[in-house]
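As structure tokens, the structure follows; a few thoughts come after it.
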Protein chains: 2
Amino acid sequence: MAGEGRTEGSGKSGQLDFPRPLTTVDVVIFAILDDRLQVLLVQRPAGEGEPFPLSLALPGGFVDVAKDRDLAACAARKLQEKTGVTSPYLEQLGSWGSATRDPRGWSATHAYFALVPTQASVLTSDARWCPISGGRLKEKLAFDHGDILATAIQRLRNKVEYTSLPAYLMPAEFTLPDLQRVYEIVLDRPLEKSAFRTRILSADMIEPVAKMRRGPNRPAQLYRLKKSKEPVYFVRTFNPPE
Amino acid sequence: MAGEGRTEGSGKSGQLDFPRPLTTVDVVIFAILDDRLQVLLVQRPAGEGEPFPLSLALPGGFVDVAKDRDLAACAARKLQEKTGVTSPYLEQLGSWGSATRDPRGWSATHAYFALVPTQASVLTSDARWCPISGGRLKEKLAFDHGDILATAIQRLRNKVEYTSLPAYLMPAEFTLPDLQRVYEIVLDRPLEKSAFRTRILSADMIEPVAKMRRGPNRPAQLYRLKKSKEPVYFVRTFNPPE
DNA sequence: ATAGTTAGTTGTACAGTCCAACTTACTTAG
DNA sequence: CTAAGTAAGTTGGACTGTACAACTAACTAT
């Protein structure tokens with residue numbers, strides 16, 4: 001272990017000559033598929049010296065100081081590499097760093113969380129969607145990625161309570177019942193139809209398109225997201241959450 | 001610059017032999033002093049090779065892979081070193097990393113934000129409280145610490161709108177009007193007395209002590225925080241914030 | 001035609017804020 | 001001893017938006 005992670009220190013003062021932690025970025029990518037909330041996971045490689053070989057993990061990896069201008073660019077790059085999606089909702093989740101989370105040494109990861117619209121993803125071969133049931137993932141993950149994912153789910157649920165975040169999970173055109181269903185999937189509880197409609201429609205975040213969704217029942221109005229960048233924050237949560 | 005930040009890579013696979021970013025932790029420490037929101041800042045040292053010599057900056061510094069078990073411990077250590085305070089409110093704020101934020105090379109900082117009770121601080125000589133007026137700081141800060149501070153102020157204001165966070169800024173015993181005043185200082189707008197009282201009292205977060213605050217007017221009931229760990233989240237914000 | 005299902009509306013109850021006036025308890029000036 | 005002043009704390013009506021539940025609307029399938 002001696003000398004690992006120690007910098008050579010070319011500066012005149014030599015003050016940078018001390019061990020540096022490893023720096024990575026990981027991305028929790030959510031989508032709605034099969035009427036469930038799913039997260040994108042990759043399988044760890046099996047090479048020599050690789051930690052957690054063949055385990056499932058969040059997509060991510062080391063910051064490339066040559067390629068990545070900043071952390072957000074690094075996260076966007078990893079999202080793009082895995083899903084082909086370029087500009088969905090991408091928010092910083094937090095960072096996790098400790099001496100023990102990576103067997104290769106003191107490491108810190110910067111975690112992001114992304115919401116991608118249904119159907120828009122072209123996955124790489126090592127990546128796959130895994131359903132989240134009951135607010136948890138079945139599988140065990142590499143590193144502390146289970147903790148990171150749990151935090152992401154909690155953050156998502158929390159924000160869905162009072163923001164328009166689920167709009168970023170929708171396809172280009174959708175109906176109000178579609179949107180309500182996504183809220184309900186994420187929150188894992190039913191919502192009031194009329195209060196939901198009032199809230200969404202008065203938030204000025206979606207606009208009707210001149211089409212209806214036709215089906216076996218009464219047709220439903222189709223909407224699309226207005227091209228407003230920021231999510232909407234409501235001044236109340238839905239139900240008293242407990 | 002050549003070779004700076006490059007690790008020696010002692011592992012058998014050699015896959016860790018690439019440049020590592022610098023890793024730091026910075027803490028935004030808030031307190032109420034002189035009826036204003038203030039933030040703790042330190043003066044940068046003036047030594048050879050030091051960036052931003054003598055500028056004001058957030059307290060923080062490099063992660064010490066020998067001393068710091070994890071990021072939160074590192075933040076707590078820096079808080080303790082500067083203020084002598086041990087266990088106030090400490091929350092992760094986010095991370096900032098880019099090729100350009102530190103002239104010494106690609107660096108990433110993990111920012112925390114802390115709320116410390118009025119009067120409980122014993123500062124080191126290089127640290128001082130600086131008032132935030134109109135939601136901004138007068139002084140320019142080193143690195144991107146101005147951005148980090150702005151984010152912290154925004155986060156604080158945002159959360160104060162629907163949480164009990166200001167309780168962590170209060171001294172051991174305080175009155176309801178005291179607490180309301182702190183809310184108003186942070187939000188920079190007046191709040192409704194009766195709605196405020198109803199909200200706080202029904203939140204089960206404070207309990208009366210058997211004493212009154214006496215003054216030139218009608219005495220006010222003194223309260224203290226219940227020893228509940230987590231802040232309370234309200235289901236509404238106060239005013240429609242705009 | 002009729003039953004079934006989902007979309008969407010309507011109306012009453014209720015919770016909590018907003019606003020403003022009010023009562024209470026103290027100090028200080030005359 | 002009283003009166004004025006001030007801040008603490010209460011009360012009540014208006015308003016906003018959710019909860020709940022019943023309703024109407026529009027379509028398909030039998």
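Both backbone and side-chain heavy atoms feed into the values below; hydrogens, waters and symmetry mates do not. Chain letters run A, B, ... following the sequence lines, proteins first, then strands; residues in each count from 1. Note that the structure is a prediction, hence the values are computed from the model and not measured.
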Given the ring of A:F234, does A:R199 sit roughly above its face, with NZ or CZ under 6.0 Å from the centre of the six-membered ring and within 45° of the axis?
yes

Can a donor-acceptor pair be found between the side chains of A:S95 and B:Q92 at a distance below 3.5 Å?
yes

Could you state the OH-P distance from A:Y223 to C:dA7, rounded to the nearest angstrom?
12 Å

Rounded off to whole Å, could you give me the CG-to-C1' distance for the B:D178 and D:dG9 pair?
14 Å

What does the list of N/O pairs under 3.5 Å between the protein and nucleotides 25-30 of chain C look like, with a distance for each?
from, atom 1, to, atom 2, distance (Å)
C:dT27, O4', B:P216, O, 2.6

Under 3.5 Å: donor-acceptor pair, side chain of B:Q221, backbone of B:V209:
yes

Measure CG/A:L191 against P/D:dT18 and give the value in whole Å, please.
11 Å

Could you state the CZ-P distance from B:F234 to C:dT17, rounded to the nearest angstrom?
9 Å

Residues of residues 193-201 of chain A with any non-hydrogen atom less than 4.0 angstrom from an atom of DNA chain C: list those, numerically ordered, please.
A:K193, A:S194, A:R197

Do B:F174 and B:Y223 have ring centres separated by under 6.0 Å?
no

Length of the line joining A:E192:CD and C:dA13:P, which is rounded to integer Å
16 Å

B:A220 side chain, from C-beta outward: closest of C:dT17, C:dA7, D:dA8:
D:dA8

Just checking A:Y162 against A:F238, ring centres under 6.0 Å apart?
no

Grab the OH-P distance between A:Y162 and D:dG17 for me, whole Å please.
19 Å

Judged by atom type as modelled, is there a donor-acceptor pair below 3.5 Å linking the side chain of B:Q180 to the main-chain atoms of B:F196?
no

Polar contact flag, side-chain donor to acceptor under 3.5 angstrom, B:R69-A:S98
no

Atom CD of B:Q180 to atom P of D:dG9: distance rounded to whole Å?
11 Å

Could you verify whether a donor N or O on one side chain and an acceptor N or O on the other, from A:S228 and A:E230, lie under 3.5 Å apart?
no

In whole angstrom, give the distance that lies between atom CD of A:Q221 and atom P of C:dT6.
19 Å

Non-hydrogen atoms of B:L225 and B:A167 that approach each other most closely:
CD2-CB, 3.7 Å

